[in-house]
Amino acid sequence: MNYENLKNMQKIQEYVTNMRPAFNKRAVFSDETESYRMPFEPKAGDTVKIRIRTKRGNVDMVCLVSGQEKKKMNLVETRDGFDYYETKLLVGTETIHYHFELFSGKVHCYYNRFGIVKDLDEHYAFGIVPGFETPDWAKGAVMYQIFVDRFCNGDKSNDVVTNEYSYISAPVQKVEDWNRPPQAMDVRDFYGGDLQGVWDKLDYLQDLGVDVIYFNPIFVSPSNHKYDIQDYDYVDPHYGKIVKDGGEPLNWGDQDNSHASKYIQRVTDYENLEASNRFFARFVEEVHKRGMKVILDGVFNHCGSFNKWLDRERIYENQAGYEKGAYVSADSPYRSFFLFHNQNDWPYNKDYDGWWGHETLPKLNYEASDSLYEYIMKVARKWVSPPYNVDGWRLDVAADLGHSNEYNHKFWRDFRKNVKEANPNAIILAEHYGDAKSWLEGDQWDTVMNYDAFMEPVTWFLTGMEKHSDEYNEGMYGNSDCFIGAMKYHMASFYAPSLMVSMNELSNHDHSRFLTRTNHKVGRVANLGSHAASEDINKAVLREAVVMQMTWPGAPTVYYGDEAGVCGFTDPDNRRTYPWGNEDKELIEFHKEMIAIHKENEEFIKGSLKFLANDYQLLCYGRFTNTQRSVIAINNSNEAKTISLSVWELGISRSREIHFKQLIATGDFGYSLIKKVSVCKGGVLQLTLPSHGAVVLRCTE
């Protein structure tokens, strides 16, 4: 070989040796968890360390960009084939938005919450809200939603009796058959569930693994759902204690509630009201002794036509200790609480503003009444303070409150201030459909019922159904690309403190039961009948959903009875009774196992989320911290699948064998707790996934 050829070969070898590998965008990772931002919830004046990870030796420079400031980041650690870059930010009083800029040879790109991008979209920027903290107890907490009338009847002496009063032009009814499905006009039917019934089942809830009980409204109200509050100051004696009973139900055919002497005695007599409040205080104390929390439902956008401030039903008109209602008298101290369109129609003025036109739901007129405003702020403080010490509020139709967006935001800022001053550890979560970002800036709500970034994407992916069972969409069924896109987009509307406490439900009182959605039947109980809700269901698909619920960022929330196999179309069919004595015990045991897995593994509470692979009816993702790593793989197809899954992106070395232990596997076969071990070689796992199945594996090193 001549000298010239040897020299050329040496140049080629030097080039190959020094050549930088192609930019590996899958290795790049950062997020808002404590592994990549320290402290996780900084206050004004704090210095925050922010990190990003790349493949070892793969980039020339990384910068953090926030507004007009660009800071070069320092390489501070190399481990398991990854480089970790870090810089520091001094936090002021204003919200900070940031992203990363990466340089690798000729590659120049950005990294934000969407991932590696060429063009920036501010929606996906990372963010820090100085001083925004959500309660630690709520991060990843397992919540359990109870619609009280349908959970358990523990005290038959407080049951609503048939014809006790009239509601929406017909008498209320006591349903004698606990197992009868709800009928079309269910709102005035009562099964007798109460707080004593919940107390009687606290052992069950504790054994299930529940951390938090979220109650649908429990205040005095004429409906079974109680979203038409009659008295914000008291727990309904029908749920609490009736110590002074008497009077008579209405005569058949009489709809005048001023004659409903039994109802009036029960809900206006202060002995009953105070006894019910004392009972509730003792109930919360018992719950707290067991290490659990309680969240109440706050309905502050509207009240009910039975409300003592309005008194359209003339229940309070002649009762001692009560002022005249605004419906009854023009001189009522509550007149300004409501918007009356006719100022000359008293007594008994029917021309008031109702929410969405419903006369049974008079809208509260805060802008015109400082006294109403102060009253509700007092209510907000009262229930999170001694002797009740409730742990938070869920806010009904919170975005509708007030007559303008400006006032709405002002109200919730003041509401937060009042609640947090009374109980700094209380949570404030809101019902909201659509982007809630403007309420989640750290000064109003802590979080929301997570429809957009959990319930809806999970439902579409696993069942192809809309959450009311009103639509089936073949194009969404099994479409993991749509699932990932929806999750990335909607999760970007949350700052991390909100996301980690978001209420992740599969079902609730407003939507069809998830198990019913697995049958792909479009419709409601009125046209399909109650029986159709439990036909052709697939419990394996529900188990897949529960695996996702218990391994996803946020607070997994079980709607009472879902764990026991309860079915139902949307309201009112979703409000069936808990099937005591007829539970699906295998499904309950599965929930217990998944709840335990959720609670025992830190990565599911506060770890990062990374999508690993996806295909039609296939989704794989990881949850991980610096020291704990788990893999979740979902196969929603009708056939088993064997896949090769790259898991090194969770921060796992590709240079040595790593062992993963299977925590649970579920599928059409049922479910298994066999702790078989899979060997990960070169950062890749070989997995066989059952049909309609899910597996959870955890790195043992």
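Quick caveat, the model's predicted, so the values are computed rather than measured.
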Original post:
Could you walk me through whether H692 and N635 pass the side chain to side chain donor-acceptor pair (under 3.5 Å) check?
Top reply: CA-CA 6 Å; H692 294 125; N635 170 29; over 6 Å; no

Original post:
At their closest point, which heavy atom of L663 faces which heavy atom of L673, and how far apart are they?
Top reply: O-CD2, 4.0 Å

Subject >> side chain to side chain donor-acceptor pair (under 3.5 Å) against S691, all qualifying residues, sequence neighbours excluded >> reply: D668

Original post:
Applying the side chain to side chain donor-acceptor pair (under 3.5 Å) test to T625, which of Q628, R629, R623 qualifies?
Top reply: Q628

Subject >> Of all pairs that satisfy salt bridge (Lys or Arg N to Asp or Glu O under 4.0 Å), the ones with a partner from residues 553-564, not counting sequence neighbours >> reply: R513-D562

Subject >> Over 12 non-hydrogen atoms of neighbours within 6.0 angstrom of NZ in K610 >> reply: yes

Subject >> Heavy-atom pair of closest approach, residues N425 and P135 >> reply: O-CG, 3.4 Å

Subject >> M455 and N450, any side-chain heavy atoms less than 4.5 Å apart >> reply: no

**OP:** Would you please name every residue forming a side chain to side chain donor-acceptor pair (under 3.5 Å) with N479, sequence neighbours left out?
**Re:** none

Original post:
Less than 4.5 Å apart, any side-chain heavy atom of M487 and any of F454?
Top reply: yes

**OP:** For the residue pair Y559 and L506, establish whether any side-chain heavy-atom pair is separated by less than 4.5 Å.
**Re:** no

Subject >> More than 12 heavy atoms from other groups under 6.0 Å of NZ on K49 >> reply: no

Original post:
How would you list, by chain and number, every residue that makes a salt bridge (Lys or Arg N to Asp or Glu O under 4.0 Å) with K661, sequence neighbours excluded?
Top reply: none

Original post:
Which is it for T666 and V547 under the side-chain contact (heavy atoms from CB on, under 4.5 Å) test, yes or no, and what are the steps along the way?
Top reply: CA-CA 9 Å; T666 176; V547 168; 4.0 Å; yes

Original post:
According to the salt bridge (Lys or Arg N to Asp or Glu O under 4.0 Å) rule, which pairs have a member within residues 590-601, sequence neighbours left out?
Top reply: D207-K592, D211-K599, E589-K592

Original post:
Can you name the residues that form a side chain to side chain donor-acceptor pair (under 3.5 Å) with Y214, not counting sequence neighbours?
Top reply: D297, R394

Original post:
Restricting to pairs with a member in residues 28-60, which pass ring-ring contact (aromatic ring centres under 6.0 Å, His included), not counting sequence neighbours?
Top reply: F29-Y36, F29-F624

Subject >> Option from K467, H468, R517 for which side chain to side chain donor-acceptor pair (under 3.5 Å) with S512 holds >> reply: R517

Original post:
Which pair of heavy atoms, one from Y144 and one from T557, lies closest together, and at what distance?
Top reply: N-CG2, 4.5 Å

Subject >> Residue pairs passing the salt bridge (Lys or Arg N to Asp or Glu O under 4.0 Å) test where at least one lies in residues 630-641, sequence neighbours excluded >> reply: none

Original post:
Is any NZ, NE, NH1 or NH2 atom of the basic residue among R656 and D80 found under 4.0 Å from an Asp or Glu carboxylate oxygen of the other?
Top reply: yes

Original post:
Does the side chain of T688 come under 3.5 Å of the side chain of T642 through a donor N or O and an acceptor N or O?
Top reply: yes

**OP:** Report the C-alpha distance between T447 and M500 in whole Å, list the side-chain angles of each, state the deciding distance to 0.1 Å, and finish with yes or no for side-chain contact (heavy atoms from CB on, under 4.5 Å).
**Re:** CA-CA 9 Å; T447 192; M500 287 191 171; over 6 Å; no

Original post:
What do you reckon, is CD of Q686 surrounded by more than 12 foreign heavy atoms closer than 6.0 Å?
Top reply: yes

Subject >> Exercise: do K606 and T33 side chains pair donor with acceptor under 3.5 Å >> reply: no

**OP:** List the atom of L462, the atom of N636, and the distance in Å for their closest heavy-atom pair.
**Re:** O-ND2, 3.1 Å

Original post:
Is the count of non-hydrogen atoms from other residues, nucleotides or ligands lying under 6.0 Å from K437 atom NZ greater than 12?
Top reply: yes

Subject >> Results of salt bridge (Lys or Arg N to Asp or Glu O under 4.0 Å) for R26 - residues two or more places apart only >> reply: E649

Original post:
G442 and V129: which non-hydrogen atoms are nearest, and at how many Å?
Top reply: CA-CG1, 4.2 Å

**OP:** Report yes if the side chains of R113 and F126 come closer than 4.5 Å at any heavy-atom pair, otherwise no.
**Re:** yes

Original post:
Quick one: are K71 and L89 in side-chain contact, heavy atoms under 4.5 Å?
Top reply: yes

Subject >> Inter- and intrachain pairs under salt bridge (Lys or Arg N to Asp or Glu O under 4.0 Å), touching residues 123-133, at least two apart >> reply: K43-E133

Subject >> Qualifying residue for salt bridge (Lys or Arg N to Asp or Glu O under 4.0 Å) with K139, from E34, E602, E41 >> reply: E41

**OP:** Please lay out, stage by stage, how Y451 and N508 fare under the test side chain to side chain donor-acceptor pair (under 3.5 Å).
**Re:** CA-CA 11 Å; Y451 295 124; N508 64 25; 3.0 Å; yes

**OP:** Please report the shortest heavy-atom distance between C109 and V117, naming the atom on each side.
**Re:** CB-O, 3.6 Å

Original post:
Is the closest side-chain heavy-atom distance between L612 and L650 below 4.5 Å?
Top reply: yes

Original post:
Can you name the residues that form a side chain to side chain donor-acceptor pair (under 3.5 Å) with H108, not counting sequence neighbours?
Top reply: E101

**OP:** Quick one: list whatever passes ring pair (Phe, Tyr, Trp, His ring centres under 6.0 Å) with Y472, sequence neighbours left out.
**Re:** H520

Original post:
So, N112 side chain and A125 main chain: donor-acceptor pair closer than 3.5 Å or not?
Top reply: no

**OP:** Hey, can you tell me if H432 and W439 have their rings parallel, tilted or perpendicular (30° and 60° cut-offs)?
**Re:** tilted

**OP:** May I ask you to decide whether R51 forms a salt bridge with E77, counting only side-chain N to carboxylate O separations under 4.0 Å?
**Re:** yes

Original post:
Can you check whether D435 reaches D452 side chain to side chain, under 4.5 Å on heavy atoms?
Top reply: no

Subject >> pair I588-L208: side-chain heavy atoms closer than 4.5 Å >> reply: yes

Original post:
Could you give the distance from CG (D446) to CG (L429), rounded to the nearest 0.5 Å?
Top reply: 8.0 Å

**OP:** Supply the atom-to-atom distance I674 CD1 to I664 CD1, rounded to the nearest 0.5 angstrom.
**Re:** 11.5 Å

Original post:
Just how far is it from atom CZ of F604 to atom CG of L609, taken to the nearest 0.5 Å?
Top reply: 11.0 Å

